[in-house]
Amino acid sequence: MPNNLFMFILLLSVAAAVNTAREKSKAEVIYETSSSLSISDVREQIIKDVLGGELDPEHNHHVRVLISPGQHKTSLQLDHPALSYTSWEGVPTTEADGSTSLPIISGGIEVPFNRFTSWDSSGSILKASLKNLGATDLGKMTSGNAVADCQHDKVGLTINGEQLVLARWPNINISDSTTADGWMWTHANVDDDIPIHAGFKSMNDVSDPDAARLLNWANESNPYVHIYGEWDWADAYASITSIEEGKDGFVSIEYDNTDGAPLTKPYARWMGVNLLCELDSPGEYYIDEDEQALYVYPPSPLKRTDSVMLGYQPGAVVNITSAVSNVTLKDVDVRDGRHEGVHVEGAIGVRVENVISHGHGTNGIVLEGAIGATVKGNSVYDVGCSGIRASAGVAMTLEKGEMRIEFNDVHHHARWKRSYQPGIFWSGVNNSFVGNTISVAPHNCMLGGGDFGDGVENVFESNSLADCTFETTDSGGFYTCGQGGFAFVNRGNVLRNNTFLRVRNTAGMGVQIASSQAVYLDDQMSDWLITDNTFVECEVGTFTGGGRRNIISNNTYINVGTVHYLNNQGMNWDKDTVCDGCSEIKPPGYSEGETVCSTGAATWMASFGPAAKEWASKWPEMLTIGDDYCGEPAYSSLTDNVYCGSLAGENYFLGCPQGTDVDCSDAADEEGWMFDIGGNTFLGECE
């Protein structure tokens, strides 16, 4: 062997040995929590050791913090540079039945058993004083926009980790087969001769006990209405301002909509909440802020060993900020937050793995600008709003997010605000969402992109979405929207090899009749590849609301009502956002200096944006959209799909504005939609 080659190999071996030694040294620094050393104590000790030189401030180490079994009533704040390259790991416990328990990080305040006394004659409802427990701020009811806002600031309650609901009417009925989570609604009576407003009447007069009970709400300190007022796809909370019995014996309810709650159309669905007089069903609670008292109807008789926790911690129970990088959170149960379970903002290289996040008022796990994050194998449920919210990457600059959201199980989210609170919210550039299971969603299972957030070159693969949109209409199990000028600047996204099961409304409608679809590209959203997916027992399989260069191919549709719905809204009622009068060349958006003109936004992005050259190189067609079959669903296709069976007696291959009982293929050809349809096969009844 030549000497120079020998020396080269020797140097490589030495370098490898040095790197291995460094990695080993990183793994040697271990801290452990104990009965005398809390999570906060360990956090402070690590900071002290780094600043004092006990640990290398350049982070040539890997700190592991072993979180001991049991319940830790604290938050975890990873907000100091000294905490970078730390891994916070629970030590699991094997129970007698063979199951595994994770250490609990609870943002709650425990209500001791000896504080509870019987409040009603049956002894089913209990009362406890909250004074001197440290619960100085019990939160408040809030209202807001029916689409954008989560609308939650109220301290919650869990018993042994099970989330209870605020006292209401109608009560939850988990045995009702029409709704996947038992939520019940009543309907509004609105006179035809009165313009719709923030109010309604009872469906019957006070001879009906369900109408008469509403009069009792006038004595409540802060009653609220929860309502799908103007649409069956957007709900909101609003403070009740008056309750009166009219001369006709019907009860009128008026509410405050100044914060954005919708008005009430005839037959709108609604319920009353935050009502002590309606505390009459197991699993409900009520908090009197003035008296500082908790009233609760436990799901089962309360025992001394039960853990009753106020969901108290504001913000997030675990907070990871941009001050740190390359931190890991794994093998812990995070619960009892007034707002969020885990929040990561601006931190690079974060891992969240095998975490159970539940019993929170708003969201389970949130990542904002978390470049290179991995969120894997987590379980999120019983949260008031979204399960997981994941955002990284910027469309204007094409900065890549490179997040991996993988193999998470999200179910029973949107337990407070029902609509636009998906199991997984996504936005950004070059992120992947793989192998996730999302189920029991009153509205969207997955939502993002478009006017909700950037959406460029993301991949959604091998996910399972089930029982989505069961409470809403005109909705999508997987939904993205091109309003606000975003229709043509969300490009290169792939939806591949996913399964959609039972995406349809089952709980009934209120103010409108419309369909729910498994995949919904709304308002001219464009340039999606939808391939090799399976749709089972869905009302509509795929839906393209106009849009360009959408490829729907090699999918399988089993017992669906309509295989695909297509339209050409850019040629008619939505024409002014792409063609007529659409001449502004500005960034997309609703703010000053932005445009809702999708054609102009596309031109700006590929001509004047900070990454214009790269945009124009990747997608040169953006420069000519306005002159190239403007407004048509051009260069899109529905090819080589197979379908079988029917749903509720309906079996349509295509739906379109002309109807489902017409040949939409001919309609598309006659109107020159530039939409290719071919090679699709009907297999008859499904085997």
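Computed over heavy atoms, backbone and side chain alike; hydrogens, waters and symmetry mates excluded.
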Problem - Side chains of Asp474 and Thr472 in contact at under 4.5 Å (non-hydrogen atoms) - result: no

Problem - Flag, side chain of Glu220 to backbone of Leu275, donor-acceptor distance under 3.5 Å - result: no

Exercise for the section: Indicate yes or no: at least one non-hydrogen side-chain atom of Asn257 is less than 4.5 angstrom from one of Leu263. Expected result: yes

Handout entry: Partner set under ring pair (Phe, Tyr, Trp, His ring centres under 6.0 Å) for His358, not counting sequence neighbours
Key = Tyr381

Handout entry: Asn444 (side chain) donor-acceptor with Gly477 (main chain) under 3.5 angstrom
Key = no

Handout entry: Verdict with reasoning, Asn171 to Glu284, per side-chain contact (heavy atoms from CB on, under 4.5 Å)
Key = CA-CA 9 Å; Asn171 293 329; Glu284 293 185 342; 3.0 Å; yes

Practice task
Flag the pair Tyr224 / Leu166 as yes when at least one side-chain heavy-atom distance between them is below 4.5 Å, and no otherwise.
Solution key: no

Fill in the blank from the handout: Tested for side-chain contact (heavy atoms from CB on, under 4.5 Å) against Asn274, the lone hit among Lys140, Met141, His226 is Met141

Exercise for the section: Verify side-chain hydrogen bond (donor to acceptor under 3.5 Å, both in side chains) between Asp235 and Ser419, making sure each step is shown before the conclusion. Expected result: CA-CA 6 Å; Asp235 65 310; Ser419 61; 2.5 Å; yes

Handout entry: Contact check, side chains of Thr544 and Thr542, non-hydrogen atoms, under 4.5 Å
Key = no

Problem - Note, Tyr420 side chain near Trp233 side chain (heavy atom, < 4.5 Å) - result: yes

Practice task
Only counting residues at least two apart or in another chain, list the ones meeting salt bridge (charged side-chain N to carboxylate O under 4.0 Å, His left out) with Asp256.
Solution key: none

Practice task
Please test Arg502 against Glu537 for salt bridge (Lys or Arg N to Asp or Glu O under 4.0 Å), starting from the C-alpha separation and ending with a verdict.
Solution key: CA-CA 5 Å; Arg502 296 185 301 273; Glu537 297 178 10; 5.1 Å; no

Practice task
Would you check, one step at a time, whether the test salt bridge (Lys or Arg N to Asp or Glu O under 4.0 Å) holds for Asp181 with Arg415?
Solution key: CA-CA 9 Å; Asp181 67 355; Arg415 300 284 291 167; 3.4 Å; yes

Exercise for the section: For the pair Asp137 (side chain) and Gly139 (backbone), establish whether a donor and an acceptor sit closer than 3.5 Å, ignoring hydrogens and angles. Expected result: yes

Problem - Derivation and outcome, side-chain hydrogen bond (donor to acceptor under 3.5 Å, both in side chains), residues Asp232 and Gln512 - result: CA-CA 6 Å; Asp232 279 335; Gln512 62 186 126; 5.9 Å; no

Practice task
Under the side-chain contact (heavy atoms from CB on, under 4.5 Å) rule, what do Thr186 and Trp270 come out as? Steps first, then yes or no, please.
Solution key: CA-CA 6 Å; Thr186 188; Trp270 68 277; 3.3 Å; yes

Exercise for the section: Measure the acute angle between the ring planes of Trp416 and Tyr237, then classify it against the limits of 30° and 60° as parallel, tilted or perpendicular. Expected result: parallel

Exercise for the section: Report the relative orientation of the aromatic rings in Trp119 and Tyr295; use parallel for angles under 30°, tilted for 30 to 60°, perpendicular for over 60°. Expected result: perpendicular

Exercise for the section: Ignoring hydrogens and angles, tell me if any N or O in the side chain of Thr534 forms a donor-acceptor pair with the backbone of Thr499 under 3.5 Å. Expected result: no

Exercise for the section: Would you confirm whether the ring centroid of Phe478 sits within less than 6.0 angstrom of the ring centroid of Trp528? Expected result: yes

Handout entry: Side-chain touch His339/Pro314, heavy atoms, less than 4.5 angstrom
Key = yes

Exercise for the section: Report, as yes or no, whether the 6.0 Å neighbourhood of atom NZ on Lys376 holds more than 12 heavy atoms from other residues, nucleotides or ligands. Expected result: no

Problem - Asn408 side chain to Val380 backbone, donor-acceptor under 3.5 Å - result: no

Practice task
Look only at the side chain of Asn458 and the backbone of Gly428, and say whether a donor-acceptor pair between them is shorter than 3.5 Å.
Solution key: yes

Practice task
Look at the rings of Tyr520 and Tyr479 and say which category their plane angle falls in: under 30° parallel, 30 to 60° tilted, over 60° perpendicular.
Solution key: perpendicular

Exercise for the section: Would you indicate whether Tyr267, at its atom OH, is surrounded by more than 12 heavy atoms from other residues, nucleotides or ligands within a distance under 6.0 Å? Expected result: no

Handout entry: Thr480 side chain vs Gly448 backbone, donor-acceptor pair below 3.5 Å
Key = yes

Exercise for the section: Establish, from distance only, whether the side-chain atoms of Asn173 and Ser175 form a donor-acceptor pair under 3.5 Å. Expected result: yes

Handout entry: Spacing of Ile438 atom CD1 and Ile424 atom CD1 [to the nearest 0.5 Å]
Key = 4.0 Å

Practice task
Decide yes or no for Phe470 and Val440: does some side-chain heavy atom of the first lie under 4.5 Å from some side-chain heavy atom of the second?
Solution key: yes

Handout entry: Any side-chain donor near an acceptor of the partner, Ser439 and Asp467, under 3.5 Å
Key = no

Completion exercise
side chain to side chain donor-acceptor pair (under 3.5 Å) with Asn363: of His343, His413, Glu340, only one passes, and it is Glu340

Completion exercise
So the salt bridge (Lys or Arg N to Asp or Glu O under 4.0 Å) pairs with at least one residue in residues 155-168 (sequence neighbours excluded) are none

Handout entry: Ionic contact status for Glu278 with Arg213, cut-off 4.0 Å
Key = yes

Handout entry: Asn378 side chain near Ser357 side chain, heavy-atom distance below 4.5 Å
Key = no

Problem - Asp208 side chain vs Asp210 backbone, donor-acceptor pair below 3.5 Å - result: yes

Practice task
Decide yes or no on side-chain hydrogen bond (donor to acceptor under 3.5 Å, both in side chains) for His152 and Thr362, but give the supporting numbers first.
Solution key: CA-CA 6 Å; His152 190 280; Thr362 59; over 6 Å; no

Handout entry: CD1 on Ile405 to OG on Ser432, rounded to 0.5 Å
Key = 7.5 Å

Problem - Test log, rule side-chain hydrogen bond (donor to acceptor under 3.5 Å, both in side chains), inputs Asn505 and Thr473 - result: CA-CA 6 Å; Asn505 175 285; Thr473 60; 5.8 Å; no

Problem - Residues Tyr565, Gln517; criterion side-chain contact (heavy atoms from CB on, under 4.5 Å); working and verdict - result: CA-CA 9 Å; Tyr565 186 97; Gln517 21 281 333; 5.7 Å; no

Exercise for the section: Kindly say whether Thr178 contributes a backbone atom to a donor-acceptor pair with the side chain of Thr506 at under 3.5 angstrom? Expected result: yes

Practice task
Could you walk me through whether Val519 and Asn498 pass side-chain contact (heavy atoms from CB on, under 4.5 Å), step by step?
Solution key: CA-CA 11 Å; Val519 175; Asn498 303 282; over 6 Å; no

